[in-house]
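Sharing a structure, written as structure tokens. Questions coming.
First the proteins, then the strands, lettered A, B, ... as listed; each starts at 1.
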Amino acid sequence: MPDANSFNEQCYALLMQIPSGKLVTYGDIAHALKGKAYQAVGNAMAANPNPIIVPCHRVVKSNGEVGNYSLGVDKKIALLRAEGIEIDNNQILNFDTVRFRFTP
DNA sequence: ATGTTGACCTAGA
DNA sequence: CTCTAGGCCAACA
């Protein structure tokens, strides 16, 4: 059992700040943690401890692609579309519009 | 400790 | 557009 203040726990806390219909990138999370641990963020998502409590599906790549998901990319796209996000060919449409910015 | 991999990012050519 | 190089963090062998 890792500490509740561990790196991945911080990522989950940030994810829960994301409102419905918005997304963030792995880099945004890493930057919010004062670091560049992009891969560590992805690794924390891959651990996927609570896919229901933590909206891991609201995290996409910085280039606007959907990226990957533990339950499958198709499932991820379906969840995002259900929140009103338009996706085409694994690419986020109106990416700058649906992008969420963390607030201190 | 060392090396590799990973739901990655940025910059340069 | 593709490709290469460098970077940072966590987990595993």
Side-chain angles (χ1 to χ4, degrees):
Chain A
M1 271 294 285
D3 300 356
N5 216 21
S6 190
F7 195 91
N8 47 16
E9 292 291 331
Q10 302 242 19
C11 298
Y12 309 144
L14 290 171
L15 291 183
M16 291 199 267
Q17 295 183 32
I18 306 174
S20 180
K22 295 277 183 175
L23 316 138
V24 289
T25 69
Y26 298 92
D28 283 351
I29 296 175
H31 199 265
L33 298 178
K34 297 290 189 160
K36 300 175 190 170
Y38 330 102
Q39 299 196 319
V41 175
N43 228 350
M45 301 299 102
N48 204 4
N50 20 11
I52 305 301
I53 304 176
V54 179
C56 307
H57 57 271
R58 287 182 194 154
V59 187
V60 297
K61 289 198 188 178
S62 177
N63 62 333
E65 290 181 12
V66 177
N68 270 300
Y69 192 54
S70 280
L71 308 181
V73 181
D74 296 329
K75 191 74 176 175
K76 182 171 181 177
I77 293 174
L79 286 167
L80 292 174
R81 279 183 173 173
E83 302 197 352
I85 297 171
E86 300 181 63
I87 303 172
D88 178 58
N89 193 19
N90 285 7
Q91 191 83 24
I92 306 296
L93 304 182
N94 309 319
F95 184 45
D96 53 332
T97 303
V98 297
R99 199 166 184 188
F100 173 73
R101 290 179 179 261
F102 291 110
T103 54

Legend entry - Euclidean distance for P, B/dT4 against C/dA5 (whole angstrom): 16 Å
Inset, instruction - Give the dot-bracket string for DNA chain C, reading 5' to 3', where a pair is Watson-Crick or G-U wobble with both distances under 3.5 Å, ( ) marks pairs inside the strand, [ ] marks pairs crossing earlier ones, | marks a partner on another strand, and . marks unpaired. - result: .||||||.|||||
Inset, instruction - For residues A/Asp28 and A/Leu14, determine if any side-chain heavy atom of one lies less than 4.5 Å from a side-chain heavy atom of the other. - result: no
Legend entry - A/Tyr12 side-chain N/O to A/Ala44 backbone N/O, donor-acceptor pair under 3.5 Å: yes
Legend entry - Pairwise P distance, C/dG7 and B/dA7 [rounded to whole Å]: 23 Å
Inset, instruction - Keeping the roles fixed (side chain from A/Glu65, backbone from A/Asn89), state whether a donor-acceptor pair exists under 3.5 Å. - result: no
Kindly give the atom pairs (protein nitrogen or oxygen, nucleotide nitrogen or oxygen) under 3.5 Å for nucleotides 6-10 of chain C.
from: C/dC8; atom 1: O2; to: A/Lys36; atom 2: O; distance (Å): 3.4
from: C/dC9; atom 1: O2; to: A/Ala40; atom 2: N; distance (Å): 3.4
from: C/dA10; atom 1: N3; to: A/Asn43; atom 2: ND2; distance (Å): 3.2

Inset, instruction - Go through the steps to decide whether A/Ile18 and A/Phe102 satisfy the test side-chain contact (heavy atoms from CB on, under 4.5 Å), and finish with yes or no. - result: CA-CA 8 Å; A/Ile18 306 174; A/Phe102 291 110; 4.3 Å; yes
Legend entry - Other cluster members, A/Leu71 - Ile/Leu/Val/Met/Phe/Trp/Tyr, side-chain contacts below 4.5 Å: A/Tyr69, A/Leu79
Inset, instruction - Could you tell me whether a side-chain N or O of A/Lys22 sits under 3.5 Å from a main-chain N or O of A/Arg58, the two making a donor and an acceptor? - result: no
Legend entry - Steps toward side-chain contact (heavy atoms from CB on, under 4.5 Å) verdict (A/Val24, A/Gln17): CA-CA 10 Å; A/Val24 289; A/Gln17 295 183 32; over 6 Å; no
Legend entry - chain A contact limits on DNA chain B, taken 5' to 3' with a cut-off of 4.0 angstrom to heavy atoms: B/dG6 to B/dT10
Inset, instruction - State which residues pass side chain to side chain donor-acceptor pair (under 3.5 Å) with A/Asn90; sequence neighbours excluded, sorted by chain then number. - result: none
Legend entry - Point-to-point distance, once rounded to the nearest 0.5 Å, from NZ of A/Lys75 to OG of A/Ser70: 13.0 Å
Legend entry - Members besides A/Val60 in its Ile/Leu/Val/Met/Phe/Trp/Tyr cluster (side-chain heavy atoms under 4.5 Å): A/Leu23, A/Val66, A/Val73, A/Ile77, A/Leu80, A/Ile85, A/Ile87, A/Ile92, A/Phe95, A/Val98
